[in-house]
Peer 1: 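Here it is, the structure in full.
Just follow the structure's listing: the first ligand is 1, and inside any ligand the first atom is 1. Starting from 1, each residue takes its place in the sequence as its number. Atom set for the values below is all heavy atoms of this structure, side chains included, hydrogens, waters and symmetry mates excluded.
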Amino acid sequence: MTGSYEGKRGLVLGVANRRSIAWAIAKRLSSGGAELAFTYQGERIEKNVRDLAESVSSPLVTECDVRSDEDIERVFREVAETFDGGLDLLVHSVAYAAAEDLEGRFTDTPRDRFWLALDISAYSLVSCARAAEPLMEARGGGAILTMTYLGGERTVPHYNVMGVAKATLDASVRYLAWDLGQKSIRVNAISAGPVRTLAARSIAGFPTMEAIVEERSPLRRHIEADDVGAAAAYLLSDDARNVTGTILYVDSGYHSMGM
Ligand code: NAD
Ligand code: 0WE
């Protein structure tokens, strides 16, 4: 694998700590020779992300709250300055819904928190893709990857408004793929099975979800963040040059079952 991203430059959004799916992806890209910039959200995780980024000799670590158009504009300006106006790879691994909306009834989701979840978890891919477009065009093309979940296509109890956000994200992948395909920019998603990250650990019943995957998936085992990293390495490589607008499942085959 080493060498396949030699000369490639990437931006990674969504590292919170070493367990983050975004970090598993970054490790693979970096070991293949990619140069990576990172964003973090909030001072609480800044040190974590700076330490991780330093371990892969990152030339840029900068704050980005994806709710803010100004943050996104500034980040892509900094990326352009750091990478001589070009960008090859974009990893979007960001999601948020209010904790109280990931329990109880979807029916009770209030308007403001419905839009908050869709803003952070789905619209942010659109705004980042738009900002990345000229930088990728300057390189003759690029690859964008986001992270989704089965709860956007089927009902997963308690996933609730996040499911609606992931359905929006999945459709956005397809429409972005159409628009940006004209410029040889590919847009894909990985649909991961449950992985014990920061975002997942706080969810009640997470060990039960892993146990269900172990019992019912064809491979009878749960997945790890590094499995997502391996699939991401493919989708972001030139081996996937004619793959766009797709969702690749890294879930031990769970999605293929009917019972
Ligand atoms: P994580 O907590 O490590 O990553 C989530 C990231 O979202 C964090 O880095 C957080 O800082 C960032 N974020 C939240 N609000 C933000 C904002 N306003 N602006 C910028 N960044 C913001 O957890 P993870 O499990 O690695 O999640 C990454 C992605 O993977 C998410 O899209 C999640 O939905 C998806 N996913 C996770 C699982 C799982 O079981 N862990 C399964 C399928 C898909
Ligand atoms: O996408 C996710 C989780 C994303 C997430 C997690 C949190 C926890 C902390 C978004 N927002 C928040 N907000 C917080 O305050 N997953 C795919 C993991 C996940 O979350 C679930 C799941 C699965 C799987 C929630 C309910 C049911 C299943």
Side-chain angles (χ1 to χ4, degrees), residues 11-26 38-46 48-49 52-53 62-69 71-72 75 91-106 113 116-125 127-128 145-170 172-173 189-213 222-229 231-232 247-252 254-255:
L11 172 65
V12 179
L13 290 88
V15 177
N17 59 31
R18 65 184 174 84
R19 292 180 200 277
S20 294
I21 290 172
W23 179 243
I25 297 171
F38 292 87
T39 71
Y40 63 89
Q41 190 224 349
E43 286 168 20
R44 256 184 336 114
I45 62 168
E46 176 174 1
N48 270 341
V49 179
L52 290 169
T62 192
E63 185 162 18
C64 186
D65 184 328
V66 296
R67 285 170 293 188
S68 158
D69 289 332
D71 269 20
I72 290 174
V75 166
V91 175
H92 174 278
S93 185
V94 168
Y96 182 81
E100 57 215 291
D101 293 329
L102 296 176
E103 47 192 48
R105 304 193 323 154
F106 170 65
R113 296 205 306 260
L116 174 71
L118 269 84
D119 188 14
I120 296 176
S121 314
Y123 183 74
S124 62
L125 178 69
S127 55
C128 289
L145 180 67
T146 190
M147 298 304 313
T148 191
Y149 177 60
L150 189 63
E153 317 171 48
R154 316 269 181 74
T155 303
V156 174
H158 305 304
Y159 199 60
N160 294 1
V161 70
M162 268 310 305
V164 176
K166 291 303 191 190
T168 305
L169 181 74
D170 295 354
S172 301
V173 164
I190 288 173
S191 183
V195 186
R196 245 183 252 210
T197 59
L198 184 67
R201 284 156 83 86
S202 58
I203 286 147
F206 205 82
T208 314
M209 284 183 246
E210 282 180 344
I212 289 173
V213 172
H222 66 260
I223 72 143
E224 308 286 347
D226 286 343
D227 301 325
V228 181
I247 298 175
L248 178 59
Y249 295 86
V250 180
D251 67 346
S252 300
Y254 184 87
H255 72 282

Peer 1: Any N or O of Y159 that comes nearer than 3.5 Å to an N or O of ligand 2?
Peer 2: yes
Peer 1: Supply the atom-to-atom distance D227 CG to I190 CD1, rounded to the nearest 0.5 angstrom.
Peer 2: 10.5 Å
Peer 1: Any non-hydrogen protein atom below 4.0 Å of atom 10 (C) of ligand 1?
Peer 2: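 Not a single protein heavy atom is under 4.0 Å away.
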Peer 1: Test your reading of the structure: does A200 have an N or O sitting under 3.5 Å from an N or O of ligand 1?
Peer 2: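 Min N/O separation from ligand 1 is not below 3.5 Å for A200.
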Peer 1: Please confirm whether I45 comes under 4.0 Å of ligand 1, counting heavy atoms of the residue only.
Peer 2: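 Contact present.
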Peer 1: Heavy atom of T146 under 4.0 Å from ligand 1?
Peer 2: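 No; T146 lies far enough from ligand 1 that no heavy-atom distance drops under 4.0 Å.
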Peer 1: Hey, what's the ring geometry for Y159 with Y149, parallel, tilted or perpendicular (30° and 60° as the breaks)?
Peer 2: perpendicular
Peer 1: Closer than 4.0 angstrom: is that true for some heavy atom of K166 and an atom of ligand 1?
Peer 2: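 Under 4.0 Å: yes for K166.
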Peer 1: Select one of side chain, backbone, both or neither to describe which atoms of S202 lie under 4.0 Å from any atom of ligand 2, heavy atoms only.
Peer 2: side chain
Peer 1: For ligand 1, which is the ligand I care about here, please tell me if T148 has any N or O atom under 3.5 Å from one of the ligand's N or O atoms.
Peer 2: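 Checking ligand 1 against T148, no N or O pair falls under 3.5 Å apart.
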Peer 1: Measure the distance from atom 41 (N) of ligand 1 to every protein heavy atom, then report the residue, atom name and distance (to 0.1 Å) of the closest one.
Peer 2: V195 O, 3.0 Å
Peer 1: Quick check on G193 - does any of its heavy atoms sit under 4.0 Å from an atom of ligand 1?
Peer 2: yes
Peer 1: For R113, I'd like to know if atom CZ has over 12 heavy atoms of other residues, nucleotides or ligands within 6.0 Å.
Peer 2: yes
Peer 1: Give the atom numbers and elements of ligand 1 that come within less than 4.0 Å of a heavy atom of M147.
Peer 2: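 Per the distance check, 29 (C), 30 (O), 32 (O), 35 (C).
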Peer 1: Counting only heavy atoms, which portion of I120 has something under 4.0 Å from ligand 1: side chain, backbone, both, or neither?
Peer 2: side chain
Peer 1: At less than 4.0 angstrom from any non-hydrogen atom of A95, what atoms of ligand 1 do you find?
Peer 2: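 Answer, ordered by atom number: 7 (O), 14 (C), 31 (C), 32 (O), 33 (C), 34 (O).
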Peer 1: Which ligand 1 atoms are under 4.0 Å away from a heavy-atom of L198?
Peer 2: 2 (O)
Peer 1: Would you call F206 a ligand 1 contact, heavy-atom distance under 4.0 Å?
Peer 2: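 Judged by the 4.0 Å heavy-atom criterion, F206 does count as contacting ligand 1.
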Peer 1: To the nearest 0.1 Å, how far is atom 36 (N) of ligand 1 from its closest protein heavy atom, and which atom is that?
Peer 2: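 That would be I21 CD1, 4.1 Å.
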Peer 1: Starting from atom 20 (C) of ligand 1, find the nearest protein heavy-atom neighbour and note its residue, name and distance.
Peer 2: C64 O, 3.3 Å
Peer 1: Return yes or no for this condition: an N or O of R19 is under 3.5 Å from an N or O of ligand 1.
Peer 2: no
Peer 1: Could you tell me which atoms of ligand 1, counted from 1 in the order shown, lie closer than 4.0 angstrom to a heavy atom of P194?
Peer 2: 40 (O)
Peer 1: Go through ligand 1 atom by atom and flag the ones less than 4.0 Å from a non-hydrogen atom of V15.
Peer 2: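 Per the distance check, 9 (O).
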Peer 1: Tell me, which protein residue and heavy-atom name are nearest atom 7 (C) of ligand 2, and how many Å apart are they?
Peer 2: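 Checking every protein heavy atom, the shortest distance to atom 7 (C) of ligand 2 gives A199 O, 3.5 Å.
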Peer 1: Considering both backbone and side-chain atoms of M209, is one of its nitrogen or oxygen atoms within less than 3.5 Å of a nitrogen or oxygen in ligand 2?
Peer 2: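 No; every N/O pair is 3.5 Å or more apart.
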Peer 1: May I ask you to identify the nearest protein heavy atom to atom 28 (C) of ligand 1, giving residue, atom name and distance to one decimal place in Å?
Peer 2: S93 OG, 3.0 Å
Peer 1: Considering only heavy atoms, does A117 approach ligand 2 within less than 4.0 Å through its side chain, its backbone, both, or neither?
Peer 2: neither
Peer 1: Answer side chain, backbone, both or neither: which part of F38 comes under 4.0 Å from ligand 1, heavy atoms only.
Peer 2: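 Under 4.0 Å from ligand 1, F38 contributes no heavy atoms.
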Peer 1: What is the closest protein heavy atom to atom 4 (O) of ligand 1, and at what distance does it sit?
Peer 2: G14 O, 3.5 Å
